[in-house]
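Bear in mind the structure is a predicted one, so any value in this text is a computation, not a measurement. Excluded from the calculations below are hydrogen atoms, water molecules and symmetry mates; all remaining heavy atoms, backbone and side chain alike, are included.
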Amino acid sequence: MPIQSLMFAVEVTLPISVLIVLGIVFKRIRWINEEFAIIGSRLVFNVTLPCLLFVNIAKTDLSVTTPTDLLVFAAIATTLTFILFNLLALKIKQHDARGAFAQGACRGNMAIIGLALSVSAFGESAQALASMYLAAIVILYNVYSILTLYYHQAATASAKLIAISVLQNPLAIAISLAIVVALVPIPLPDLLYESGSYLAQMTLPLALLCVGGSIRLQEFKASKLLYLAIASKIVFIPLVATVIGHLCGLKNEELGVLYIMMATPTAAAAYPMVRAIGGDHHLTAAIIAGSTLLSMFSTTIGLFLLHFFGWV
């Protein structure tokens, strides 16, 4: 189990880490620059990531048995986590780092790493379970992330402006449309799915190259916020959520999917959102890179412990 988990984690996270490093190298040899990171992040936020979410959720069979206990617990845990870290962020002196810290510590890469890890760890039978988890919680992630960033970075924004921003957010629109298509279900031409899939496939490499291109090495040397956010995202939050979930009766695949989704590294989508709304995008880039690099070890240890204690 430990060796298989290690190989599995490395196979999933190593290619992502390589893309981030390539972004750093490309910027250093001047193949890309700050303008590329800005434009690329805007394209990810407005086009490719919405396509990724739409295609994934629209093709999910929501008519199967819904894991109500898991989804309710995950929704409550996600909500409480965002509330807690937004309160902690108020103590940060650097105003532009507050939203980046809170989002970076709470928002995981479920759509890419979480789904892949769940299927690899528990087989194809976990795909429907993980997809339903993704469809439900990714909405909360995006809404809470927008509220977090506007709360800390746009202090003068009114509640009306925040509500409009949430409703106009490309990710929220894509998720809402995808749920309608999945529930009705509405038949859509294969051409639409194929075109959307091509755009969706651009999301991860483009987002991670932009992340790498925006990383400042000094962030890894001096930022306590960076290491606190990373430790919270891949160790403390999944540990507490999984233990409480077990005590609440979650077990086997449901508990395993909960742990994996909670333990995923910070989502690459956090970067373009910080860049679009405002905040310390350099800190966000460092959190994404650091949590991605370290998550292969933390996830392996976590899966080993779950198996050792007989919880999955």
Side-chain angles (χ1 to χ4, degrees), residues 1-2 5-6 8-10 12-13 16-17 67 69-86 88 101-122 126 129-134 136-138 140-141 144-145 148 225-270 287-312:
M1 176 67 178
S5 297
L6 176 62
F8 155 62
V10 169
V12 173
T13 59
I16 296 173
S17 303
D69 293 343
L70 172 62
L71 298 184
V72 170
F73 180 86
I76 294 174
T78 299
T79 301
L80 293 178
T81 299
F82 267 93
I83 292 174
L84 173 62
F85 278 86
N86 272 288
L88 291 175
F101 167 79
Q103 183 189 207
C106 299
R107 184 176 185 177
N109 194 344
M110 299 187 303
I112 298 167
I113 296 180
L115 191 58
L117 280 170
S118 297
V119 174
S120 297
F122 303 107
L129 180 64
S131 295
M132 284 187 284
Y133 185 108
L134 171 64
I137 306 304
V138 76
L140 294 182
Y141 269 5
Y144 290 161
S145 293
T148 293
L225 291 179
L226 168 64
Y227 296 106
L228 178 57
I230 292 174
S232 299
K233 183 66 203 74
I234 65 176
V235 179
F236 300 137
I237 292 175
L239 174 63
V240 173
T242 303
V243 171
I244 296 177
H246 173 71
L247 295 176
C248 289
L250 297 178
K251 57 185 178 180
N252 300 328
E253 287 185 1
E254 289 192 356
L255 186 64
V257 168
L258 173 70
Y259 167 74
I260 287 174
M261 291 298 193
M262 286 287 182
T264 53
T266 303
I287 293 173
I288 294 169
S291 62
T292 299
L293 292 171
L294 295 175
S295 66
M296 69 173 71
F297 304 106
S298 61
T299 301
T300 300
I301 295 172
L303 290 173
F304 168 77
L305 291 175
L306 285 175
H307 185 268
F308 178 79
F309 287 112
W311 289 6
V312 297

Visitor: Give, for atom CD1 of Ile113 and atom OG1 of Thr299, the distance between the pair rounded to the nearest 0.5 Å.
Guide: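 So the gap between those two atoms works out to 8.0 Å.
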Visitor: Among all residues two or more places apart in sequence or in another chain, which pass the side chain to side chain contact (heavy atoms under 4.5 Å, CB included) test with Val72?
Guide: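 Partners of Val72 under the side chain to side chain contact (heavy atoms under 4.5 Å, CB included) test: Thr68, Ile76.
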Visitor: Suppose we screen for side chain to side chain donor-acceptor pair (under 3.5 Å). Which residues come up paired with Thr242, at least two apart in sequence or across chains?
Guide: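 Thr242 satisfies side chain to side chain donor-acceptor pair (under 3.5 Å) with no residue once adjacent residues are dropped.
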Visitor: How long is the span from the CG atom in Leu140 to the OG1 atom in Thr78, to the nearest 0.5 Å?
Guide: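 These two atoms lie 6.0 Å from each other.
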Visitor: I'd like a table of donor-acceptor pairs (distance under 3.5 Å, sequence neighbours excluded) in which one partner is a side-chain atom from residues 79-86, with atom names and distances.
Guide:
residue, atom, partner, partner atom, Å
Thr79, OG1, Ala75, O, 2.8
Thr79, OG1, Tyr144, OH, 2.7
Thr81, OG1, Ala77, O, 2.7
Asn86, OD1, His152, NE2, 2.8
Asn86, ND2, Phe82, O, 2.7
Asn86, ND2, Thr148, OG1, 3.1

Visitor: Within a strict 4.5 Å, meaning less than it, do heavy atoms of the Thr292 and Asn109 side chains meet?
Guide: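 Thr292 vs Asn109: side chains apart.
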Visitor: Using residues 250-262 as the side-chain source, report each donor-acceptor pair under 3.5 Å to any protein atom, sequence neighbours left out, with the distance given to one decimal.
Guide:
residue, atom, partner, partner atom, Å
Glu253, OE2, Ser125, OG, 2.9
Tyr259, OH, Ser298, O, 3.2

Visitor: Atom CZ of Phe297 and atom CG of Leu294: how far apart are they, to the nearest 0.5 Å?
Guide: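 The CG atom of Leu294 is 7.0 Å from CZ of Phe297, to the nearest 0.5 Å.
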Visitor: Thr266: which residues meet the side chain to side chain contact (heavy atoms under 4.5 Å, CB included) condition with it, sequence neighbours left out?
Guide: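 Side chain to side chain contact (heavy atoms under 4.5 Å, CB included) list for Thr266, sorted by chain: Lys233, Ala270, Ile287, Ile288, Ser291.
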Visitor: By side chain to side chain contact (heavy atoms under 4.5 Å, CB included), which residues pair with Leu228, not counting sequence neighbours?
Guide: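 Partners of Leu228 under the side chain to side chain contact (heavy atoms under 4.5 Å, CB included) test: Phe101, Ser232.
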Visitor: In Å, rounded to the nearest 0.5 Å, how long is the span from CZ of Arg107 to OG1 of Thr264?
Guide: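 One finds 11.0 Å between CZ of Arg107 and OG1 of Thr264.
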Visitor: Measuring only between side-chain heavy atoms, which start at C-beta, is Phe122 closer than 4.5 Å to Val312?
Guide: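 With C-beta onward as the side chain, the pair touches.
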Visitor: Can you check side-chain contact (heavy atoms from CB on, under 4.5 Å) on His246 and Phe309, steps first, answer last?
Guide: CA-CA 11 Å; His246 173 71; Phe309 287 112; over 6 Å; no
